Student: 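Before I ask anything, here is the structure I am working with.
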Number of protein chains: 2
Amino acid sequence: MQPQARHLRADAARNRDKLLNSAVQVFGERGLDAPLEEIARRAKVSIGTLYNHFPTRQDLVDAILPERLSDLERITAEALADPDPWEGFVRFLGGLFELQARDHGLNDALARRFPDDSAVGAACRRGFAQAEVIVGRARESGRLRADFETRDLVPLMWAMSQVIRESMEAAPEAWRRHLAFVVDGLRADAARTIAVPPLTDDQLEKLMRGR
Amino acid sequence: MQPQARHLRADAARNRDKLLNSAVQVFGERGLDAPLEEIARRAKVSIGTLYNHFPTRQDLVDAILPERLSDLERITAEALADPDPWEGFVRFLGGLFELQARDHGLNDALARRFPDDSAVGAACRRGFAQAEVIVGRARESGRLRADFETRDLVPLMWAMSQVIRESMEAAPEAWRRHLAFVVDGLRADAARTIAVPPLTDDQLEKLMRGR
DNA sequence: CAGAAACTTGAGGGGACCCTCAAGTTGCTC
DNA sequence: GAGCAACTTGAGGGTCCCCTCAAGTTTCTG
């Protein structure tokens, strides 16, 4: 991450690192609700030390997830680089959920609400802004259905997070099949009029707020 | 439910009833992981009495959910009664998720794995068999895509359960919009070849087993 | 209506996890 | 290498929920 705010004692810096590594592992395997004591245990550090470095779970998550989310930026960039806007959009979805499938912590994070002030919240808002470009481009190309809005990605992410959570263990490719069905429904030529309007700003905000 | 295995003392029968009512409420509001003590509290009965009548959480769930699932049979029947197989299929999906949206307990139940020997497990297997008919009819009509199999409903139920869980509070209609996108992808004329095969029997069984 | 059987009660032990803090240890500075 | 600040430690108190069981209460039966 950063060079760490000045003057962290050598042992402290070492411990902080061990904690971060351990947290990446444990959150990755067990999701963001994993016991903090497990993280401390695997870092071979006492629980007190964990709390010393990261007073709250959110602090720990914030220290880890933005790094993970940077993979997302790579994916976004690739999507935008694709000359075919629709293909780019589809690759974006595939890449996004692939990330989620590889990391339970990230999967939890994206399916969950986050405090506005957290680093993760900020990263998500950034990601959302980039997604807007991808979606807009695909829609304007006429291949993505005209009534699809960026915010419709939110329920899709909830949905996929659950499919991934439930199926990764026994059928690690299953989520791709489900996604394929959904994607086929997002093509312009598959579109039928939908009676329900997109989420309003108010709803979106409420849904994003604390769990 | 049933007249209850002979000779239940009057007060015991009363308490059992209060517990069942309370459980319907509490599971409905908080999902199947709700604290049992809350159920006892609302039934105005001690926790010991709850355990006396229902030694395990599963016993309580089994005593309640099949009744709820019978609504599903009504929906299935309606779906089959529809002269248009595709419309019937779509109504079936709408009805199913509507049920889930109204009852958090049911939502949990359908998104979750169940012991084979539980009443709920049996009810689910029955429901699955009926769904097979609906899906088969719709597929043969040529409106439902040919590569959709009944077991593809499983990931869809996981997906929708999560969308419902996350959005019901702030945007009670949001799930319908998401479903509409998916449904548009299930039409035969929206279908593109999908590389990933359906779940195998083995995978399906593993996924259904204990949580 | 008395005695026996059926049922209820709630305090309490247990486990998982959270978080704190006083006492001990380590590293840095001069 | 002495002394002080920085850091670590882990036992322990708190919460929430699980489940049990000995003692008390209610219903049923003759």
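Both backbone and side-chain heavy atoms feed into the values below; hydrogens, waters and symmetry mates do not. Predicted model, so just to flag it, every value in this text is computed and none were measured. Convention: sequence-line order gives letters A, B, ...; per-chain numbering from 1.
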Student: Tell me which pairs pass salt bridge (charged side-chain N to carboxylate O under 4.0 Å, His left out) where either residue lies in residues 19-32 of chain B, with sequence neighbours left out.
Tutor: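 As it turns out, the salt bridge (charged side-chain N to carboxylate O under 4.0 Å, His left out) pairs with a partner in residues 19-32 of chain B, which skip direct neighbours, are B:E29-B:R42.
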Student: Can you pull the contact range of chain B along DNA chain D, 5' to 3', using atoms under 4.0 angstrom from its heavy atoms?
Tutor: D:dC17 to D:dT29
Student: Kindly indicate, with the supporting measurements, whether the criterion side-chain hydrogen bond (donor to acceptor under 3.5 Å, both in side chains) is fulfilled by A:R165 and A:S161.
Tutor: CA-CA 6 Å; A:R165 224 189 313 278; A:S161 80; 3.2 Å; yes
Student: Which protein N or O atoms sit under 3.5 Å from an N or O of nucleotides 28-30 of chain C?
Tutor:
{"residue": "C:dC28", "atom": "OP1", "partner": "A:A10", "partner atom": "N", "Å": "3.2"}

Student: Mind grabbing the angle between the end helix axes of the helix from C:dC1-D:dG30 to C:dC30-D:dG1? Five pairs an end, 10° rounding.
Tutor: 0°
Student: Using a strict threshold of under 4.0 Å (side-chain N to carboxylate O), is an ion pair present between B:R139 and B:E149?
Tutor: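 No, B:E149 and B:R139 are not salt-bridged.
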Student: Got a donor-acceptor contact below 3.5 angstrom from the A:D184 side chain to the A:F181 backbone?
Tutor: no
Student: Can we say A:R151 and A:D201 salt-bridge, meaning some charged N sits less than 4.0 Å from an Asp/Glu carboxylate O?
Tutor: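 Judged by the 4.0 Å cut-off on N to carboxylate O distance, A:R151 and A:D201 do form a salt bridge.
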Student: For the pair B:R112 and B:D33, find out whether any cationic side-chain nitrogen is under 4.0 Å from an anionic carboxylate oxygen.
Tutor: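 Counted as a salt bridge, because a side-chain N and a carboxylate O are separated by less than 4.0 Å.
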Student: Using whole Å, what does the distance between atom C1' of nucleotide C:dT25 and atom CG of A:N15 come to?
Tutor: 12 Å
Student: Would you kindly say whether A:N52 and A:T49 are connected by a side-chain donor-acceptor distance under 3.5 Å?
Tutor: no
Student: State plainly whether the residues A:E37 and A:R41 are in salt-bridge range, i.e. N to O under 4.0 Å.
Tutor: no
Student: Under the side chain to side chain donor-acceptor pair (under 3.5 Å) rule, collect the residues that match up with A:E87, sequence neighbours excluded.
Tutor: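 Side chain to side chain donor-acceptor pair (under 3.5 Å) list for A:E87, sorted by chain: empty.
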Student: Report the distance from atom CZ of B:R14 to atom P of C:dA6, rounded to the nearest whole Å.
Tutor: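 Result: 18 Å.
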Student: Can you name the nearest heavy-atom pair linking B:L50 to B:V45, along with the distance?
Tutor: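 Nearest heavy atoms, B:L50 then B:V45: N-CG1, 4.2 Å.
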Student: So do the side chains of A:L20 and A:R16 get within less than 4.5 Å of each other, counting heavy atoms only?
Tutor: yes
Student: Side-chain contact test, heavy atoms from C-beta onward, threshold under 4.5 Å: evaluate it for A:I134 versus A:T150 and give yes or no.
Tutor: no
Student: Is the closest basic N to carboxylate O distance between A:R126 and A:E73 below 4.0 Å?
Tutor: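 Salt bridge flag = yes for A:E73 with A:R126.
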Student: Kindly state which residues belonging to residues 27-49 of chain A come within less than 4.0 angstrom of DNA chain C, counting heavy atoms of the residue only, listed by number.
Tutor: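 Listed by number, they are A:P35, A:L36, A:E37.
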